[in-house]
Amino acid sequence: MKHVNKYTRQYFLPPEPCFDWVHKDHVDRPPIWCSVDLRDGNQALIVPMNLEEKLAYFQLLVEIGFKEIEVGFPAASDTEFEFVRTLIERDLVPDDVTIQVLTQSRDHIIERTFEAIRGAKRAIVHLYNSTSVAQREQVFRADKDEIVNIAVTGAEQIRDLARTTPGNFLFQYSPESFTGTELDFALEICNAVLDVWQPTPDRKVIINLPATVELSMPHVYASQIEYMGKHLAHRDAIVLSVHPHNDRGTGVAAAELAMLAGAERLEGTLFGNGERTGNVDIVTLALNLYSHGVDPRLDFSNLPAIQARVEALTKMQVSRRHPYAGELVFTAFSGSHQDAIAKGMKWREEKSPEHWTVPYLPIDPKDIGREYEGDIIRINSQSGKGGIGYVLEQSHGFDLPPKMREQLGYAVKRVSDREQKELSADEIAEIFMREFVNLGQPLDLVELTGTDARGSHRVRATVVWHGETVEIEGAGNGRLDALCHALEEGLGIRVANLTYKEHALEVGSGSRAVAYISVDDEEGNTHFGCGVDTDIMEASAKALVSAVNRMLAHRAEMAVPVSK
């Protein structure tokens, strides 16, 4: 980077140490949330929303639970003005929701704003003017006294119009570009506005301190907020608010530290939609609180549906890696991660713990409307036996023995690697059925009968062996042991160290049974087979035959000479 010397830090530290917030390790209560989707979010869209789209978005915000919603800049355009009037005239604002409108500190804009909110049951008039060094010097070319006068003149006009305009109006002031403003000057201009409005504890004023452009590390913003909170006049009559942007990619961190530093209210947008790199993301902030056991008082229990509605209305897409909402944020492809998640989920089933502590999953995906089957573990060539076995169990009910999962894992990864794609649960089940279940080549079981006398079991089996029908029989401790002896005596197929597992595949009287059997060959290699049938003994016999067929296939493969 050749031009680093052209840059320097543009923020200002408080004139005294402000680090009380450092002693807190988490945010223990939600802020007052104010959505600015319909203003900051809308003005950042390639094609802004029309009236009907804005009405639909407003309804979505109400359903989520926002009690304060900035609905626009009514003096900016006829669409903005009409939207505000429509909300008021159609009585679309619930009694417990306060709308907010934005205005610059300019006479005609303030007048037009009050025309828009005339008759509102409860509306916040949000006054702002820019205060940073860069804005003062380059845009307004005004000194500090002139900038203060702009703010005070606007505050006086708002105060006077609120007295004569029908409706119920509250006040908010933002020293826009606060993060590039000297702290003593930010304090001076806010206090000058407060002196005009004369707030009281039962009719508070909002002082909003925006990171209009994110200029510092998050801890600096927190110290700035703490300083302002300690020194603002009328402190018991103020709601201290923040409005972080995300230019440095640390908007969420800045917001959380600002709340530790005393911010009581937060302005942001769903999924962080806003100009440049966006506003702070309220979804992430709310669910971060939720992950610490704090009720955010916003309802994201069906986040995929909310996301779909936002994307449809804004024509903006949420990234696949966006916290909580992204398609892949709960997904593990890595084998070790999948194994840990699968074991964590199994541990929860066994222990029923009070708190959620599953590895790699900060919250339960189901709490926000996500599904385990399609969201948590997805399979490709990087996946491991734990994840593959988990997907097969969750989607099709097969609970494979651990070593069998390993063998299936190799088969699945070979397919994924060869085809260079992710595999669905159905494709994994198809591989499992093809490779392990009810195999009939070169040995196929046609019929099996048996008798039991004084602890000794004898079986007679009709099998097809390399295309020919053969009758075999044998005796043993049980039906499987007897069938093993029949295979050895009748066909010369010898197996050792048989292991067995079974379970029902479905629930109910007509359910199928599944059996898993492993056998060792003469070299000590273990081979698994699976049998599925409505009769558990038939399933067991089919599992044994499947294991034998896999052993024979392995033996044939090892006998093929390697070409040079």
Side-chain angles (χ1 to χ4, degrees), residues 338-339 342-343 345-346 349-350 372-373 377 379 383-413 415 423-441 443-450 457 459 461 463 476-484 486-487 495 497-520 526-554:
Q338 291 177 342
D339 187 57
K343 289 175 178 175
M345 298 296 286
K346 188 73 172 177
E349 292 178 9
E350 296 169 352
Y372 294 153
E373 291 79 2
I377 293 176
I379 304 304
S383 302
K385 62 182 185 298
I388 292 168
Y390 178 83
V391 169
L392 189 62
E393 181 177 3
Q394 294 296 311
S395 61
H396 289 78
F398 290 100
D399 183 13
L400 276 60
K403 288 187 177 180
M404 190 178 189
R405 291 188 178 201
E406 184 175 344
Q407 292 190 9
L408 173 63
Y410 292 132
V412 169
K413 289 198 284 186
V415 173
L423 299 179
S424 69
D426 286 344
E427 288 173 314
I428 294 167
E430 182 182 337
I431 295 169
F432 177 61
M433 298 296 289
R434 182 177 67 242
E435 297 280 342
F436 290 92
V437 182
N438 294 356
L439 303 182
Q441 289 291 336
L443 176 66
D444 191 20
L445 180 64
V446 177
E447 184 179 6
L448 180 67
T449 58
H457 205 97
V459 299
V463 299
N477 296 330
R479 179 177 284 198
L480 287 178
D481 188 45
L483 182 56
C484 287
L487 292 172
V495 299
N497 299 328
L498 183 147
T499 67
Y500 175 79
K501 177 183 176 180
E502 66 178 52
H503 63 79
L505 199 54
E506 301 103 358
V507 177
S509 58
S511 66
R512 293 176 298 166
V514 57
Y516 312 96
I517 284 180
S518 73
V519 296
D520 289 356
T526 300
H527 307 276
F528 279 93
C530 177
V532 177
D533 197 277
T534 54
D535 179 83
I536 185 57
M537 291 310 301
E538 290 293 325
S540 303
K542 290 177 179 180
L544 176 59
V545 171
S546 296
V548 167
N549 278 319
R550 285 183 55 80
M551 180 184 73
L552 297 172
H554 174 78

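These figures come from a predicted structure and were not determined experimentally.
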task: Carefully, step by step, assess Asp399 and Leu392 under the rule side-chain contact (heavy atoms from CB on, under 4.5 Å).
output: CA-CA 8 Å; Asp399 183 13; Leu392 189 62; over 6 Å; no
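- Partners of Phe528 according to the ring pair (Phe, Tyr, Trp, His ring centres under 6.0 Å) rule, which considers only residues two or more places apart in sequence or in another chain, do not exist here.
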- request: Given side-chain contact (heavy atoms from CB on, under 4.5 Å), test Leu448 with Leu483 step by step and report yes or no.
  value: CA-CA 9 Å; Leu448 180 67; Leu483 182 56; 4.2 Å; yes
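- Within the model, atoms CD of Gln441 and CG of Asn549 stand 7.5 Å from one another, a figure rounded to the nearest 0.5 Å.
- Leu408 has its side chain within reach of Leu400: a pair of non-hydrogen atoms, C-beta onward, lies under 4.5 Å apart.
- Using the six-membered ring where Trp is involved, Phe432 and Tyr516 have ring planes that are tilted, between 30° and 60° apart.
- Side-chain contact between Ile431 and Met433 is absent, with no heavy atoms from C-beta onward closer than 4.5 Å.
- Looking only at atom types and distance, the side chain of Thr499 has a donor-acceptor partner in the side chain of Ser518 under 3.5 Å away.
- Phe436 contributes atom CZ, which lies 10.0 Å from atom OG of Ser546 (distance to the nearest 0.5 angstrom).
- Looking at every heavy atom in both residues, Val514 comes nearest to Cys530 through CG2-SG, 3.4 Å.
- Within the model, atoms CE of Met551 and OG1 of Thr526 stand 11.5 Å from one another, a figure rounded to the nearest 0.5 Å.
- The nearest pair of heavy atoms linking Glu435 to Ala411 is CG-CB, 4.4 Å.
- Between Leu439 and Val545, the closest heavy-atom pair is O-CG1, 3.8 Å.
- Looking at Lys343 and Glu350, no side-chain N of the basic residue comes within less than 4.0 Å of a carboxylate O on the acidic one, giving no salt bridge.
- In this structure, CZ in Arg479 is found 9.0 Å from OG in Ser540, a value given to the nearest 0.5 Å.
- By the ring pair (Phe, Tyr, Trp, His ring centres under 6.0 Å) test, His396 is found to be paired with no residue, residues two or more places apart in sequence or in another chain being considered.
- Residue Tyr410 places its OH atom among 12 or fewer non-hydrogen atoms of other residues, nucleotides or ligands, all under 6.0 Å distant.
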task: Before giving the answer on side-chain contact (heavy atoms from CB on, under 4.5 Å), spell out for Phe398 and Met404 the whole-Å C-alpha distance, their side-chain angles and the decisive distance to 0.1 Å.
output: CA-CA 11 Å; Phe398 290 100; Met404 190 178 189; over 6 Å; no
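- Atom SG of residue Cys484 and atom CD1 of residue Ile517 lie 7.5 Å apart, to the nearest 0.5 angstrom.
- Classification of Lys542 and Asp533 as a salt-bridged pair holds, one side-chain N sitting under 4.0 Å from a carboxylate O.
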query: Going through the distances and angles, do Val532 and Glu538 end up as a side-chain contact (heavy atoms from CB on, under 4.5 Å)?
result: CA-CA 8 Å; Val532 177; Glu538 290 293 325; over 6 Å; no
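- Considering only heavy atoms from C-beta on, Val463 comes within 4.5 Å of Leu443 through its side chain.
- In this structure, Pro401 and Lys501 approach most closely via the heavy-atom pair CG-CD, 4.0 Å.
- The distance from atom CZ of Arg550 to atom NE2 of His554, rounded to the nearest 0.5 Å, is 10.0 Å.
- Counting heavy atoms from C-beta outward, Val415 and Glu430 have side chains that stay 4.5 Å or more apart.
- Smallest separation of non-hydrogen atoms from Ala543 and Ala515: CB-O, 3.4 Å.
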